[in-house]
There are 2 protein chains.
Amino acid sequence: MARKTKAEAEKTRQQLLDSAMKLFSEKGVAKTTLAQIAADAEMTRGAIYWHFEDKADLLHALFERSITPEAERLWHSMTNEGADPLDCLLRASHGFWLEMNSESTLKQVMMLYRQAEQVPELAEKLDEMHCQEDSHMYQALKMASEQGSLHPEMSVETAFTLFHTLHGGMVQLVCGVRKCTVELDKEKIFRELIQGVERAVSAPERLK
Amino acid sequence: MARKTKAEAEKTRQQLLDSAMKLFSEKGVAKTTLAQIAADAEMTRGAIYWHFEDKADLLHALFERSITPEAERLWHSMTNEGADPLDCLLRASHGFWLEMNSESTLKQVMMLYRQAEQVPELAEKLDEMHCQEDSHMYQALKMASEQGSLHPEMSVETAFTLFHTLHGGMVQLVCGVRKCTVELDKEKIFRELIQGVERAVSAPERLK
DNA sequence: AATTATACCTACACTTAAGTTTGTATCAAT
DNA sequence: ATTGATACAAACTTAAGTGTAGGTATAATT
């Protein structure tokens with residue numbers, strides 16, 4: 001076997017990316033070898049080295065393909081024009097948690113995020129994206145604060161930290177090996193959690 | 001150079017553990033070689049293989065030395081007999097965050113926790129410890145609930161998840177490569193955060 | 001139809017880090 | 001004082017994974 005048409009070549013490239021995404025997010029970048037990826041895609045390492053320069057380049061390509069779009073989708077849901085900014089954030093968080101808890105690509109992407117921390121090259125890129133996300137969230141909270149939606153003893157920075165930390169914790173809870181002893185109805189818990197967070201950040205008068 | 005007295009040998013063993021702790025928590029277990037550890041301790045790998053069976057055994061010894069004591073210290077602070085359980089938890093969380101934010105051994109230990117996830121051997125042991133911690137936190141919250149300290153729309157499970165997730169998020173925030181764009185007065189933020197969490201979980205009448 | 005560039009596969013060389021063996025200087029005990 | 005056990009160092013072996021050079025069949029180009 002040998003040369004294929006351009007379309008076919010692109011298809012194998014995508015398969016390689018699929019397999020890489022699967023294995024990287026499952027076992028981590030460090031513990032996944034190029035041979036394993038090639039095997040999963042029913043190719044050889046030769047194919048990988050044809051389409052990508054090396055392992056880092058492969059990871060980079062994965063970012064370009066799936067992560068950036070997911071990130072954009074995420075913060076679009078946070079900044080729904082017109083609507084109440086605090087409400088948006090709460091809804092977005094709720095949606096985020098629910099989606100993380102399913103077998104979504106978002107979850108896979110988040111798994112990759114964690115793995116990418118190890119690779120300095122990509123850690124920078126991640127930081128950039130995180131900065132943008134953070135900035136959007138911060139802006140939303142600032143708007144909420146200016147509208148008087150925040151609790152008087154809850155500064156914008158604290159509210160930001162609360163959401164920020166909760167998100168990180170959720171990712172860890174779902175993606176991490178860290179099993180939680182207490183298994184229960186996630187849907188209900190997430191709903192109650194959001195309500196709790198609302199009590200934490202909202203101005204009293206906002207909680208009708 | 002060669003044989004030393006028992007005291008001296010024990011000293012090098014401790015130095016090896018120190019160096020391992022330092023490098024493991026800094027760069028991760030996978031990316032730290034035994035040669036680097038030996039070099040940092042101004043020894044050779046021979047010394048490591050004398051005192052420990054292999055890399056995993058070295059990690060295991062690190063756990064025995066520092067992690068278990070730290071864990072016990074932690075959940076003792078959560079279950080202060082007599083005092084209001086919810087108050088205990090809130091105080092413990094506050095202290096945890098403050099300590100995590102300094103250059104404490106607790107922080108190093110938490111860094112190790114994250115790294116240990118990669119090693120299946122240790123992941124189990126970690127799970128055990130986490131289960132105990134979880135169990136203690138859960139019990140404290142259950143007591144609080146029975147005393148009517150929890151908000152009517154906040155189940156024990158949800159409160160548990162909130163603390164659990166916040167803790168995980170804090171660890172990630174402090175230990176992770178994930179830099180936070182917004183730098184600010186941590187002391188103030190932590191204080192406000194705890195107050196926020198209290199509003200989230202407490203029964204209305206408890207917030208005099 | 002002949003040629004060239006593409007899209008791989010195969011095999012091997014190179015690197016890195018773990019693990020093992022051997023050597024050796026010294027402490028401790030007889 | 002000799003001997004054996006100890007506490008390492010240094011050299012060697014092994015294994016795994018990366019990177020690369022060469023081959024090859026076929027699509028694309030002329």
Side-chain angles (χ1 to χ4, degrees), chain A residues 1-62 65 115-116 118-122, chain B residues 1-62 65 115-116 118-122:
Chain A
M1 64 196 75
R3 185 172 186 203
K4 305 183 181 163
T5 102
K6 267 195 174 173
E8 282 175 319
E10 178 58 23
K11 194 179 168 189
T12 73
R13 190 187 127 95
Q14 293 301 324
Q15 284 205 3
L16 289 174
L17 285 172
D18 289 341
S19 295
M21 175 63 121
K22 175 181 155 196
L23 295 176
F24 280 168
S25 60
E26 271 178 21
K27 325 190 306 164
V29 173
K31 297 212 166 185
T32 302
T33 72
L34 297 184
Q36 290 169 338
I37 296 173
D40 188 271
E42 292 174 333
M43 298 271 146
T44 68
R45 287 185 309 120
I48 297 181
Y49 277 104
W50 173 255
H51 287 285
F52 312 97
E53 284 189 17
D54 53 13
K55 203 176 182 179
D57 187 48
L58 176 57
L59 239 186
H60 196 274
L62 264 189
R65 189 179 72 155
Q115 303 300 334
Q118 318 288 356
V119 187
E121 152 86 35
L122 288 173
Chain B
M1 67 197 69
R3 182 167 188 207
K4 304 178 182 165
T5 103
K6 265 198 175 171
E8 283 175 318
E10 178 58 23
K11 195 178 168 189
T12 73
R13 190 189 128 95
Q14 293 301 323
Q15 284 205 5
L16 289 173
L17 285 172
D18 288 341
S19 296
M21 176 63 121
K22 175 181 157 195
L23 295 176
F24 280 167
S25 61
E26 269 177 24
K27 326 189 305 165
V29 174
K31 296 212 167 185
T32 302
T33 71
L34 297 184
Q36 291 169 339
I37 296 173
D40 188 90
E42 292 174 331
M43 298 271 148
T44 67
R45 289 185 309 120
I48 297 182
Y49 278 103
W50 172 255
H51 287 284
F52 312 96
E53 282 188 17
D54 52 14
K55 203 177 182 180
D57 187 47
L58 176 57
L59 242 184
H60 196 273
L62 265 189
R65 190 179 71 155
Q115 303 301 335
Q118 316 290 355
V119 187
E121 152 86 35
L122 287 172

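No hydrogens, no waters, no symmetry mates; every other heavy atom, side chains included, goes into these values. Convention: sequence-line order gives letters A, B, ...; per-chain numbering from 1.
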Can you check the [X] [atom1] to [N] [atom2] distance for me, whole Å?
{"X": "B:Q36", "N": "C:dA18", "atom1": "CD", "atom2": "C1'", "result": "13 Å"}
{"X": "B:L23", "N": "C:dA17", "atom1": "CG", "atom2": "P", "result": "13 Å"}
{"X": "A:D57", "N": "D:dG19", "atom1": "CG", "atom2": "P", "result": "11 Å"}
{"X": "A:Y49", "N": "C:dA13", "atom1": "OH", "atom2": "P", "result": "17 Å"}
{"X": "B:R13", "N": "D:dT6", "atom1": "CZ", "atom2": "C1'", "result": "16 Å"}
{"X": "A:L16", "N": "C:dC9", "atom1": "CG", "atom2": "C1'", "result": "13 Å"}
{"X": "B:I48", "N": "C:dA18", "atom1": "CD1", "atom2": "P", "result": "9 Å"}
{"X": "A:F52", "N": "C:dC8", "atom1": "CZ", "atom2": "P", "result": "11 Å"}

Phosphate OP1/OP2 of [N]: any [X] side-chain N/O under 4.0 Å:
{"X": "A:T44", "N": "C:dC8", "result": "no"}
{"X": "A:T12", "N": "C:dA7", "result": "no"}
{"X": "B:H51", "N": "D:dC8", "result": "yes"}
{"X": "B:W50", "N": "D:dA7", "result": "yes"}
{"X": "A:K6", "N": "C:dT6", "result": "no"}

I'd like to know if A:R45 reaches the base of D:dG17 with its side chain, counting only an N/O donor and acceptor under 3.5 Å.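 Answer is no: no donor-acceptor pair is held.
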
Quick check for you: to the nearest 0.5 Å, what is the distance between [X] atom [atom1] and [Y] atom [atom2]?
{"X": "B:E42", "Y": "B:S19", "atom1": "CD", "atom2": "OG", "result": "8.5 Å"}
{"X": "A:K31", "Y": "A:F24", "atom1": "NZ", "atom2": "CZ", "result": "14.5 Å"}
{"X": "B:D18", "Y": "B:M21", "atom1": "CG", "atom2": "CE", "result": "8.5 Å"}

Closest nucleotide of DNA chain D for A:T32 versus for B:A9: which of these residues is on the 5' side?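 The answer here is B:A9.
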
Taking any heavy-atom pair under 4.0 Å as a contact, classify B:T33: base, sugar-phosphate, or nothing.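 Sugar-phosphate contact only - B:T33 comes under 4.0 Å of backbone atoms but never of a base.
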
Can you tell me which nucleotide in D:dA28, C:dG19, D:dC8 comes closest to the side chain of A:T5?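 Selected nucleotide (nearest to the side chain): D:dA28.
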
Could you please spell out the steps behind the side chain to side chain contact (heavy atoms under 4.5 Å, CB included) verdict for A:I37 and A:K55? CA-CA 10 Å; A:I37 296 173; A:K55 203 176 182 179; 5.8 Å; no

So for atom CD, which belongs to A:Q14, do other residues, nucleotides or ligands contribute more than 12 heavy atoms lying within a distance under 6.0 Å?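 Atom CD in A:Q14 is packed in, count exceeds 12.
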
